[in-house]
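Predicted, not measured: the structure shown is a model, and the values here were computed from it. Chain A is the first sequence line, chain B the second, and so forth, proteins listed ahead of strands; every chain is numbered from 1.
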Amino acid sequence: MADYHFQEIEKKWQKHWKETELYKVNNDYDRPKYYIMDMFPYPSGAGLHVGHPLGYIASDIVARFKRLKGFNVLHPMGFDSFGLPAEQYAIQTGQHPATTTENNINRYKEQLKSLGFSYDWTREVRTSDPKFYKWTQWIFQLIYNSWYNNDSDKAEPIESLIERLETNGNAEINASCDEDTPTISSEDWKNFDEKEKQLFLLKYRLTYQANTTVNWCPALGTVLSNDEVKDGFSERGGYPVIKKTMPQWSMRITAYADRLLSGLEKIDWPEAIKETQRNWIGKSFGAEIDFPIEDSEKKISVFTTRIDTIFGVTFMVLAPESELVSQLTTSEHHEEVNTYVETAKNRSERERMTEVKNVSGVFTGSYAIHPFTKEKIPVWVADYVLAGYGTGAVMAVPSGDQRDFDFAKHFDLPITKINDAQQLTETEADPTKEGKIINSDFLNGLPPIEAMEKGIEEVEKRKLGKRKVNFKLRDAIFGRQRYWGEPIPIYYEDGIPKLVSLNQLPLELPKIDEYLPTEEGDPPLGRAKDWTHDRNLYELSTMPGWAGSSWYFFRYMDPDNDQEFCSKEALDYWKDVDFYIGGSEHATGHLLYSRFWTKFLYDREVIEVDEYAKKLVNQGMIQGRSSFAYRVNGENKYVSKGLKDQFDTTPIHVDVSLVRNDVLDIEGFKKFRPDAKDAEFMLEDDRFFCGSEIEKMSKSKFNVVNPDDLISKYGADTLRMYEMFLGPVEASKPWNTNGIEGVFKFLRKFWTLFHQDGNFSISDENPSNEELKVLHRVIQKVEDDVEKLSLNTSVSTFMIAVNELSSLKCNKRAILEPLAISLSPFAPHICEELWSLLGNNDSVVKADFPTYEEKYLQEDSFEYPVSVNGKMRVKLNFPVDAEKATIEQEVLANETIQKWLDGRQAKKVIVVPKKIVNVVV
RNA sequence: GCGGAUGUGGCGAAAUUGGUAGACGCACUAGACUUAGGAUCUAGCGCCGCGAGGCAUGGGGGUUCGAGUCCCUCCAUCCGCACCA
């Protein structure tokens, strides 16, 4: 028996690949480039589980395939090595995060290498490496030194802004800047002292510092971005999050809202991701209208998408955080309003969300004047209006908006019907866009859609407001009050932020004794000795997790360059990522921020592309499949799954390694749970069946399947193919090891086919047509499937081919050679071994992918099912080259068909090539 | 509520895009070889029916000679977003 010793084979080739640097890639201008990249992982302490490599395997198959097809393939890997878990661990143990991170990375690399990935490890990047974050800091500075010119619709150097301020002031400048930026003349600017100038410029810089309402997580001691907060809890750790106002570094991503939206049109990304990003950016069209306040110079600006409902406005509502609240509250309502605002402020996000259904609010005592009817309408404060969206105030149209309706009902405010199709009930508003407008002066009789346009025109004509596009997207908070991140390369001189000069980058993380905030409440960096620049204190917060990951794909092109973030030459050759694979959970985080930075770098002419990834695929999540044994309550007795309903039982998690095809290894279980050592087990059919449930893969649920175990049992080639065999790469599915034997058997059969009595055995005979057909079908299928990434059917095709060759007892060189090449992207080790046994000195990686030939795929004859009117079938044999007419004639001449037709005339005979024949009567 | 996706045997899934539904694998059943089998080989395996045959791609309807695939409608599940004016 010629055994398939996968352990030896895999170890041998992995060593060989490493020693010969087989996958090292250079800028080779003679060959077309192909850049395929995985989302780099955060190296957690738990190591990889079987879910992680799913995407890596797929990308490796494509990378290897493209290499065989003659592409110069860049297929790198790195580590997103700054992050909270390492810091939390450091707080607990005192161990420097760099040390734990280093250890984790080494473990990850070992695991990744054992899977036989063809990464060019010489290009590895780590975001926590000063050589890397030097350039993250450099980009930060470039963003800081830029402003967004809405007229040219791009980021420009801050110098161009200064120039314009000096000559004309800012009246003519159309920029994305702070809302409260005053209009100044060139004289004003010239009269500013240095500090005033700097503070003024901060209102324009794309990285700016401002008092912002942030998501503050007290337990983590840091702010979090919107995408790091899920349902009012921190994504990492699940701690409560509250709103807090504090000075923060932010990035003006909102300047790019429109381009981030339109850019989606030209990239081949999953629709789900694009839709999520569109939703997050949240562009809506409408108008901003001013409602003057009665007996006052003040006014309330509101944004609305439904100007057609303007005559239905019966009250105004301000967000509790709105500045207008204090200005408009009359003295007799002061106390009530104050109490309400204070309560609203102190509520956590979580509380606010759970209380969505509770209507609450207070009257300010002020009245606004309806811009058209001049009627008095009361101004209220309520927390259903968000400070962060629009103007922080709304015109309430209770007949057309459910929230306004609920509020009006609760406080007994009037409700005006403004549409003849509106169906109002006691509890429901009707936001219909059908019907005709009524009770609305000049809008009467118009369908709402037309009334929207007319309304905006009228508003602009009467100078009551203007057409307005509004976005949900908020600027990105950039500071984190944590240690383990890139230091922000800024110091403060006389209260003014200043950039650390370029030649002093990287500004390296200082050593500190403890990874906690200082007693004064400053971030951990406050503990560092001499964290100063000429006695001026450096910024104490660090960059967020998304900083490094927003540009790392460019660094892979030229990872060791210490003069530039990436050389022009490398950028020119590699340009962008052809194929990016990673999880969909980054839709509104990494995948949005990285597009933002790319567009910025494009504006500043650092790179030549404004989208960095042409094609993106989201690999599915692999969930865990937990197994349970059912213990009878109050007894030391376990019952098999089918019997559990006869008893009062509690499910107990069983380590999945003790379960095979849902059958429990009872001896193993007794060791796993010592308290079950003497337990009684009630079996079904002499076996003990476990129940199962789909849960997240985690240690505590004993459902983690470790790739190392599977590799040592079946080998990396089997694991790679099995993960692909499970189903489409994009699909999420629970892990199930049950089918892996089938794939393993296939590889063993493939090996055995070319071995006899333990020796490699190959025949030099010419292959038969039948054998060639098997081969060429595989080649064709792999070509098609890799392009479409439907790798599961490729694995099936290989299995069928090996089964067929096996029954043909075909061990011919002419078959094995091309077969080994086409299988090598999937199972590189075994193919490399067979390739070298065939006498090749060079690696199979250097081979050319075989081309399939149609002539081998053709059949001599086809069995056509024939039906009459789609009913009844009989199979007839036709030669493959028979002309359509011949087939028709033969069909009609056939005795059985004649019997069916029973004298009727055939209207037509439909022939679908190689498929089916249908006679229509 | 809004948006996106998915629904095919006991299970994971195929289906050349409108043409023999369930390839391939797992599980299961029977048989062979074995002292033994969690090994190997052979055969069977959607459901109902002894059978001929009938029924089957979430449900209902439609287009078509022909529908898993196209159209309408309803249902279920999963994932985003969510007081966004």
For [X] and [N], give me the distance from atom [atom1] to atom [atom2], rounded to whole Å.
X: A/W269; N: B/G80; atom1: CH2; atom2: P; answer: 18 Å
X: A/M721; N: B/C24; atom1: CE; atom2: C1'; answer: 12 Å
X: A/N736; N: B/A13; atom1: CG; atom2: C1'; answer: 13 Å
X: A/L318; N: B/A85; atom1: CG; atom2: P; answer: 18 Å
X: A/E723; N: B/A13; atom1: CD; atom2: C1'; answer: 16 Å
X: A/E275; N: B/G4; atom1: CD; atom2: P; answer: 6 Å
X: A/I273; N: B/G3; atom1: CD1; atom2: C1'; answer: 14 Å
X: A/K274; N: B/G80; atom1: NZ; atom2: P; answer: 21 Å

Gap in Å between the two [atom1] atoms, one belonging to [N] and one to [M], rounded:
N: B/C55; M: B/G37; atom1: P; answer: 45 Å
N: B/G68; M: B/U57; atom1: P; answer: 7 Å
N: B/U35; M: B/G25; atom1: P; answer: 30 Å
N: B/C11; M: B/C48; atom1: P; answer: 14 Å
N: B/G18; M: B/U69; atom1: C1'; answer: 7 Å
N: B/C41; M: B/C33; atom1: C1'; answer: 8 Å
N: B/G31; M: B/G54; atom1: C1'; answer: 31 Å
N: B/C70; M: B/G19; atom1: P; answer: 11 Å

For [N], the Watson-Crick or wobble partner whose two distances fall under 3.5 Å:
N: B/C81; result: B/G1
N: B/G68; result: none
N: B/U17; result: none
N: B/G10; result: B/C26
N: B/A56; result: none
N: B/G49; result: none

Kindly point out which of [options] is positioned nearest to the side chain of [X]?
X: A/V394; options: B/A85, B/A13, B/G25; answer: B/A85
X: A/N792; options: B/C83, B/C24, B/A13; answer: B/A13
X: A/N738; options: B/C26, B/A85, B/C81; answer: B/C26
X: A/S796; options: B/A85, B/A23, B/G3; answer: B/A23
X: A/N279; options: B/G12, B/G4, B/G80; answer: B/G80
X: A/P728; options: B/G25, B/A13, B/A82; answer: B/A13
X: A/K472; options: B/C24, B/C84, B/A15; answer: B/C84
X: A/S284; options: B/C24, B/A85, B/A82; answer: B/A85

> Between A/A272 and A/F303, who's closer to the 5' end of RNA chain B by nearest nucleotide?
Replying inline: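 The 5'-side residue here is A/A272.
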>> For A/T276 and A/E271, find the nucleotide of RNA chain B closest to each by heavy atoms; which residue's nucleotide sits nearer the 5' end?
In response: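 The residue closer to the strand's 5' end, by nearest nucleotide, is A/E271.
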> Would A/D785 and A/S794 count as having a side-chain donor-acceptor pair, cut-off 3.5 Å?
Replying inline: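 Side chains of A/D785 and A/S794: pair found under 3.5 Å.
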> Taking atom types as modelled and ignoring hydrogens, do the side chains of A/D406 and A/Q402 form a donor-acceptor contact shorter than 3.5 angstrom?
Replying inline: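 Yes, A/Q402 and A/D406 have a side-chain donor paired with an acceptor closer than 3.5 Å.
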> Is A/Y722 near enough to B/G25 that one of its side-chain N or O atoms lies under 4.0 angstrom from OP1 or OP2?
Replying inline: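 For B/G25, neither OP1 nor OP2 has a side-chain N or O of A/Y722 closer than 4.0 Å.
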> Aromatic ring centroids of A/Y4 and A/F750 under 6.0 Å?
Replying inline: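 No: the rings miss the under 6.0 Å criterion.
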>> Would you say the rings of A/F315 and A/F407 are close, in the sense that their centroids are separated by under 6.0 Å?
In response: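 Between A/F315 and A/F407, which both carry aromatic rings, the centre distance is below 6.0 Å.
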>> Students often get this wrong, so: under 4.0 angstrom with heavy atoms, is A/N803 touching a base, only sugar-phosphate, or nothing?
In response: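 Sugar-phosphate, backbone atoms only, no base.
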> Looking at A/T314 and A/T416, what are the two nearest heavy atoms and their distance?
Replying inline: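 Looking at all heavy atoms of both residues, the closest pair is CG2-OG1, 3.4 Å.
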> Between A/S360 and A/A382, which heavy-atom pair has the shortest distance, and what is it?
Replying inline: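 That would be O-CB, 3.4 Å.
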> Is there a salt bridge (Lys or Arg N to Asp or Glu O under 4.0 Å) between A/R278 and A/E271 once you walk through the steps?
Replying inline: CA-CA 10 Å; A/R278 283 188 199 112; A/E271 201 44 44; 3.1 Å; yes
> About how many Å separate CE of A/M395 and CZ of A/R306, when rounded to the nearest 0.5 Å?
Replying inline: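 Taking CZ in A/R306 and CE in A/M395, the distance rounds to 9.0 Å.
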> To the nearest 0.5 Å, what is the distance between CD1 (A/I267) and CZ (A/R595)?
Replying inline: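 That separation rounds to 4.5 Å.
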>> Can a donor-acceptor pair be found, under 3.5 Å and without considering hydrogens, that links the side chain of A/Y722 to the backbone of A/G739?
In response: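 At least one qualifying donor-acceptor pair exists.
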>> With syn defined as a glycosidic angle within 90° of 0 and anti as the rest, where does B/U40 land?
In response: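 It is anti.
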>> Which is it for B/G9, anti or syn, if anything within 90° of zero counts as syn?
In response: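 Judged by the O4'-C1' to base torsion, B/G9 sits in syn, the angle falling within 90° of 0.
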Using a cut-off of under 3.5 Å, enumerate the N/O to N/O pairs linking the protein to nucleotides 37-45 of chain B.
unit_1 : atom_1 : unit_2 : atom_2 : d
B/U40  : OP1    : A/R748 : NH2    : 2.8

